[in-house]
Structures are given as C-alpha cells and as structure tokens.
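For reference, the structure is listed below as structure tokens.
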Amino acid sequence: PLTQALEQHQRKVDVIRGIYAKLTPLYRESAVHRDLGVYVVTEASDISDLIAQLSSTCTVEVLASRPGGARSRTVLAGPLENPGDLLDRGVQIRALYQHAVRYDSATVAQVARLTDLGVRVRTTCDEHARALIFDREAVVVERQPDHEAAERLSPFLKPWARMTTR
C-alpha cells in the first residue's frame, strides 16, 4: 500500500511538472509585454537626474543599501552625499552597509558625518544589492539578474533591529 501511494503521488508530481513546463514559456513571454513600472536607465547623467528627482519628491524615508567594502563616490550615492535637504524636510534616511566598511577610515569618517546629521546607519554581514528606495514606492537598483536582485534586497525585508548599530 505504501509503495502504491508513493507511485500515485509521483504521477501527480509528474503531471504538475508537465503543466509547469508548458506554462513557463507563456508566462515569460507575457511578462515582457506587461508595464510593471520598471525602467532601465543606463546613462550616468540620467541616473543622477532620476535620483535627484526622486530625492526632491521624497516625503517619508530613503533606504540606502551600500554593499561591499570601502566607499567610492558612485552614481547611487545621491542622498548620502548631501542628505541635508531631505533631513531638513523631515525625511528619515537609513543606510545599510556591509561590516567590511568598518575597516576603511574614509568610510568610517563619512558614516560619522552622516550619523551626526541624523542618518541612521547599520551594518550587516549579509550580501545585498546597491539600491536606493524612496518612500517604499520607487527603487533604484543596480541591474542584476531578476532572482539576484530580489535576493540581495532581502536585508531590507529583515527586521531592522537585527542589524548592527553604528
């Protein structure tokens, strides 16, 4: 009886796999034609303009995800380079770095300046994507394969309290 039940379940699994195999290409094709509000911007000046526009209309919070070690001035630095206007408007800024930045004196100095201004900064050992999230409505993220982008943004989905305070 147990063997028969296992065989029956295996046949059901095989049927489901067959259906999935037929539906997957249809889903992928339809996803290309949907307007998901996703725009690919590749020119540095356009990215800077987009970040400036999103910063100027932001009203509640900016979440900044900065992976890797030592910081260099990058296109996605925007709100963290000059957070004064956002903070003056009452916008909260939270920045997430990886623990490795603790060993770079320039980044430590930048983080000290930011925290003095009111930016909340945490570090984590988790990998995460370079991203800016404005009012939880607009996201600027480095272009990556879809599954990696979702996976690497997950530290913002984890409880903030679990991260290390700096």
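Just so you know, these numbers come straight off a predicted model, no measurement behind them.
- Applying the side chain to side chain contact (heavy atoms under 4.5 Å, CB included) rule to Ile19 yields the partners Val15, Leu23; only residues at least two apart in sequence or on another chain are considered.
- Between atom CD of residue Gln110 and atom OG of residue Ser105 there is a gap of 12.0 Å, rounded to the nearest 0.5 Å.
- Residues Ile133 and Val62 form no side-chain contact, since every pair of their non-hydrogen atoms from C-beta on lies 4.5 Å or further apart.
- Residues Leu86 and Val60 do not share a hydrophobic cluster, defined by chaining ILVMFWY side chains whose heavy atoms lie under 4.5 Å apart.
- The line from CD of Glu7 to CG of Asp14 is 11.5 Å long, rounded to the nearest 0.5 Å.
- Side-chain contact check for Leu96 versus Leu63: every heavy-atom pair is 4.5 Å or farther apart.
- Under the 4.5 Å side-chain criterion, counting only non-hydrogen atoms from C-beta, Arg102 is in contact with Thr123.
- Under the side-chain hydrogen bond (donor to acceptor under 3.5 Å, both in side chains) criterion, Asp135 pairs with Thr59, sequence neighbours left out.
- No donor-acceptor pair closer than 3.5 Å links the side chain of Thr107 to the backbone N or O of Tyr103.
- With sequence neighbours excluded, the residues that form a side chain to side chain contact (heavy atoms under 4.5 Å, CB included) with Val13 are Gln10, Arg17.
- Here the CG-CG distance, from Asp88 to Asp85, works out to 6.5 Å after rounding to the nearest 0.5 Å.
- Residues meeting the salt bridge (Lys or Arg N to Asp or Glu O under 4.0 Å) test with Asp46, sequence neighbours left out: none.
- Among residues two or more places apart in sequence or in another chain, the salt bridge (Lys or Arg N to Asp or Glu O under 4.0 Å) test is passed with Arg113 by none.
- Ser56 OG to Arg89 CZ: the interatomic distance, rounded to the nearest 0.5 Å, is 6.5 Å.
- The closest side-chain heavy-atom distance from Phe134 to Val140 is below 4.5 Å.
- Sorted by first and then second residue, the pairs that involve residues 56-65 and meet salt bridge (charged side-chain N to carboxylate O under 4.0 Å, His left out), not counting sequence neighbours, are Glu61-Arg94, Glu61-Arg136.
- For the pair Leu114/Pro83, a side-chain contact is recorded, criterion being any heavy-atom separation below 4.5 Å from C-beta on.
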